[in-house]
**Q** 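Pasting a structure here, questions to come.
Any value given below was found using the heavy atoms of this structure, including those in side chains, with hydrogens, waters and symmetry copies removed.
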Protein chains: 2
Amino acid sequence: MATIKDVAKRAGVALSTASYALNGNQKVSASTIEKVLKAARELNYQKNGFASDLKRTKTNTIALILSDMSGPYFSELIKGVQEVTASHQYDLIACSSLGGDRSTATKFLREKRVDGAIILANNVSTQLIEESAREDFPIIVLDREVQNPFAIHVKVDNRHGAYQATEHLIENGHRTIGYISGPHDSHDNEERFKGFSDALKDHGITFQSRFKISGNFTRDGGYRATKMLIAQQQLPDALFYANDEMAIGGLQAFSEKGISIPDDVSIVGFDDIQLSEYVNPPLTTVKQPKYEAGALAVHTIFQMLAGEQVDQSFDLSTEFVKRSSVRSK
Amino acid sequence: MATIKDVAKRAGVALSTASYALNGNQKVSASTIEKVLKAARELNYQKNGFASDLKRTKTNTIALILSDMSGPYFSELIKGVQEVTASHQYDLIACSSLGGDRSTATKFLREKRVDGAIILANNVSTQLIEESAREDFPIIVLDREVQNPFAIHVKVDNRHGAYQATEHLIENGHRTIGYISGPHDSHDNEERFKGFSDALKDHGITFQSRFKISGNFTRDGGYRATKMLIAQQQLPDALFYANDEMAIGGLQAFSEKGISIPDDVSIVGFDDIQLSEYVNPPLTTVKQPKYEAGALAVHTIFQMLAGEQVDQSFDLSTEFVKRSSVRSK
DNA sequence: CTGTTAGCGCCTTCAG
DNA sequence: CTGAAGGCGCTAACAG
């Protein structure tokens, strides 16, 4: 590989001149720039990005860290992140935190391989985030609170969203309502459960803990949890699935047993993923402002990078989406 | 940020010793290693990844380049890529080629910021790929042929898949069949069209070019193309959509006009994306072996990195998936 | 406008 | 085990 040295030599100029020319610095004459560019072309020169990053201690790239890139991630969120990132002429890379401590995500965080990061990955430890965030390495977390002035929380109001959905169930006459939960260490799940319980409490309904089953936020988990519930012989009137993926798994379990939704059991999900509109019946759920969350996250990173003061946390609200998986009164 | 120098100082050892200790080199005693590690911990030392990459000219990471990360990408493909990459203790990052020459993908390719790349992005120019691929930078392309011994093609048999699907249409009595096409510069689209035409020809059917409309591989494009066809007043018996996204857009256009699928028009798609099973009616389509393609791609990269000889191209076959969007004879 | 020079942080000899 | 020294490729003063 040709280096900048070779280019300078071939163009017959000094190394620094070549560097200036290549980087479009003012103080080089047009003709010299042309000479250098020509030499670079002839040598098929490509700069070594690492060397330049090392020197400038700046990468011009933002990382989006997801718990599982192959998961049904939020395409709207990525779109929001991508557009804002691109409009600032920054690069964006996505990486996964699958594999815990030895994951790519961990490496990027620890080694500060990017200028800022956005995290939506419950398997990245809060400790790691707190240790990594600092003035020149802002981190935005979308799914938890973090104690570090350079780790900002962009949160959606999971609690209120869950409250609304639960109330919808109650208003339509459902009294025994089960909760299919996400991972216990998920902050989002916890908030949703709180909203759910609050609604129940406010309407004088007591929650029966045998109707709380974990489904781990996966379709398969939702399927199994639902199967279990069916096997118990005593189905509640309605089920609150802490996310859509699990609800869709549940739908399948019910359909296999000939249990009709919403005639026999009503269900609601959370997230409003793309599929939810297409399943049968279309899923009543709570929509998250994903695009906005993504855009706001990046926007905040750039503000921090520019040394501006930002709030410690931002709140975004959800929207209830009524479709056909809840029986009307 | 603490550097290795600080660690060495604090541990009271030489810089080189610290380096050895940190990298698990044999020639350092266990007690010294402990001392160094302790100092590193106390200083919250993190090595600078760029410096080390620069020195070693190796990044231990593979890039997956997609035309649009927020698009309905192939989650199975990512899974295949991810699993094999992780099993080799390599890191994986995904980036988008959105933005053409100034995209993140272009930067990674040009500057060789990774050890190898897998490309499924029709907006990355073949020229760039050919210029970038070299012995120490293997590239696998999933959607075209490239003339460079270090750019290997993992292809699925689009042609045969399209042939089969078309034949299915013909066998069920359809004679005038339209083709909703992808981008003209897409190799996949071209191959699918060839399979489609071949099937028609082999059954003595002549294709009417007014029934070929471009839909650009997007849902919206499929929607618009279908609208256009409907507006022409003369619908064919059946429609071959060059991918599922477009077919789903078409489904919506038909439904808005009260045209019933498959009673009025039969349709088939291509890809078998997750949604296809859930739309109404469930889409008959051609399934691509995405997981296998992803896994094979990474596997090949590692072989090349190890200096082994590999074939210039690999072929994977498709599978016809019969669902309910084609009227039976 | 050009050439010289001093690092960025890390890794790896090599002789002691 | 040490300490010095050379470099990876590039950038950015600085002095001419």
Side-chain angles (χ1 to χ4, degrees), chain A residues 1-40 43-61 107-108 110-115 134 136-137, chain B residues 1-40 43-61 107-108 110-115 134 136-137:
Chain A
M1 279 275 54
T3 74
I4 196 173
K5 225 165 155 177
D6 303 319
V7 174
K9 196 177 298 167
R10 179 175 252 265
V13 301
L15 183 90
S16 59
T17 309
S19 173
Y20 289 138
L22 256 10
N23 293 306
N25 189 305
Q26 310 289 0
K27 32 185 161 181
V28 184
S29 71
S31 68
T32 308
I33 289 189
E34 192 34 61
K35 245 190 338 199
V36 173
L37 257 32
K38 179 157 167 285
L43 290 169
N44 193 11
Y45 165 77
Q46 306 296 357
K47 85 160 161 196
N48 179 322
F50 293 122
S52 117
D53 286 346
L54 170 59
K55 179 67 193 181
R56 306 183 322 168
T57 55
K58 184 154 178 321
T59 66
N60 252 270
T61 113
K107 173 169 158 184
F108 271 70
R110 278 211 186 303
E111 300 178 5
K112 190 189 174 315
R113 281 177 176 271
V114 285
D115 292 347
R134 50 181 187 271
D136 64 343
F137 192 14
Chain B
M1 279 276 51
T3 73
I4 196 171
K5 225 162 152 179
D6 303 319
V7 175
K9 198 177 297 170
R10 180 174 252 265
V13 301
L15 187 142
S16 56
T17 309
S19 174
Y20 288 139
L22 256 8
N23 293 305
N25 189 307
Q26 310 289 0
K27 31 186 159 179
V28 183
S29 74
S31 68
T32 307
I33 289 188
E34 192 34 61
K35 250 195 328 204
V36 172
L37 258 31
K38 179 155 168 287
L43 290 169
N44 193 11
Y45 165 77
Q46 306 299 354
K47 84 159 161 197
N48 179 321
F50 292 123
S52 118
D53 285 346
L54 172 58
K55 180 69 193 178
R56 307 183 320 169
T57 55
K58 185 155 178 318
T59 66
N60 253 271
T61 113
K107 174 169 160 183
F108 272 69
R110 279 214 185 300
E111 300 179 4
K112 191 189 177 310
R113 281 175 177 274
V114 285
D115 292 348
R134 50 181 185 269
D136 64 342
F137 192 14

**Q** Under 4.0 Å, counting only non-hydrogen atoms across every strand here, what does B/Thr32 touch: a base, just sugar-phosphate, or nothing?
**A** sugar-phosphate
**Q** Need to verify one output field. Residue with the more 5' nearest nucleotide on DNA chain D, A/Ser52 or B/Lys35?
**A** B/Lys35
**Q** Could you check how far CZ of A/Phe50 sits from C1' of D/dG9, rounded to whole Å?
**A** 12 Å
**Q** As an exercise, state the distance from CG of A/Asn44 to CZ of B/Arg134, rounded to the nearest 0.5 Å.
**A** 8.0 Å
**Q** Which atom pair, heavy atoms only, marks the closest approach of B/Ser29 to B/Thr32?
**A** OG-OG1, 2.8 Å
**Q** Separation of A/Ile4 atom CD1 from D/dC8 atom P, in whole Å?
**A** 14 Å
**Q** Where are the stems of DNA chain C, defined as at least 3 consecutive Watson-Crick or wobble G-U pairs with both distances under 3.5 Å?
**A** C:1-16 with D:1-16
**Q** Using side chain to side chain contact (heavy atoms under 4.5 Å, CB included), reason through A/Asp136 and A/Lys112 one step at a time and then give a plain yes or no.
**A** CA-CA 9 Å; A/Asp136 64 343; A/Lys112 190 189 174 315; 3.7 Å; yes
**Q** Looking at B/Val36, B/Asp6, B/Ile4, which hits side-chain contact (heavy atoms from CB on, under 4.5 Å) with B/Tyr45?
**A** B/Ile4
**Q** Under 4.0 Å between a side-chain N/O of B/Thr17 and OP1 or OP2 of D/dT2, yes or no?
**A** yes
**Q** Between B/Ala30 and A/Ala51, just flag the one whose closest nucleotide in DNA chain D comes earlier from the 5' side.
**A** B/Ala30
**Q** How many whole angstroms separate atom NZ of B/Lys112 from atom C1' of D/dG9?
**A** 14 Å
**Q** With rounding to the nearest 0.5 angstrom, report the CG to CG distance, B/Leu22 to B/Leu37.
**A** 6.5 Å
**Q** Identify the 5'-most and 3'-most nucleotides of DNA chain C with at least one atom closer than 4.0 Å to a non-hydrogen atom of chain A.
**A** C/dC1 to C/dG9
**Q** For A/Ala21 and A/Val28, which heavy atoms make the closest approach, and how far apart are they?
**A** N-CG2, 4.1 Å
**Q** Under 4.0 Å, counting only non-hydrogen atoms across every strand here, what does A/Leu54 touch: a base, just sugar-phosphate, or nothing?
**A** base
**Q** Going from NZ on B/Lys55 to CG on B/Asn48, what distance comes out if it is rounded to the nearest 0.5 angstrom?
**A** 14.0 Å
**Q** Extract from the structure each pairing of a protein N or O with an N or O of nucleotides 12-16 of chain D at less than 3.5 Å, listing the distance.
**A**
residue : atom : partner : partner atom : Å
D/dA13  : N7   : A/Tyr20 : OH           : 3.1
D/dA13  : N6   : A/Tyr20 : OH           : 3.3

**Q** Are B/Thr59 and B/Asp115 linked by a side-chain donor-acceptor pair shorter than 3.5 Å?
**A** yes
**Q** Nearest 0.5 Å, please: how far is CD in B/Gln46 from CD in A/Glu111?
**A** 8.0 Å
**Q** Walk me through whether A/Arg113 and B/Asp53 qualify under side chain to side chain contact (heavy atoms under 4.5 Å, CB included).
**A** CA-CA 11 Å; A/Arg113 281 177 176 271; B/Asp53 285 346; 2.8 Å; yes
**Q** Test side chain to side chain contact (heavy atoms under 4.5 Å, CB included) on A/Tyr20 and A/Ile33; report intermediate values, then the result.
**A** CA-CA 8 Å; A/Tyr20 289 138; A/Ile33 289 189; over 6 Å; no
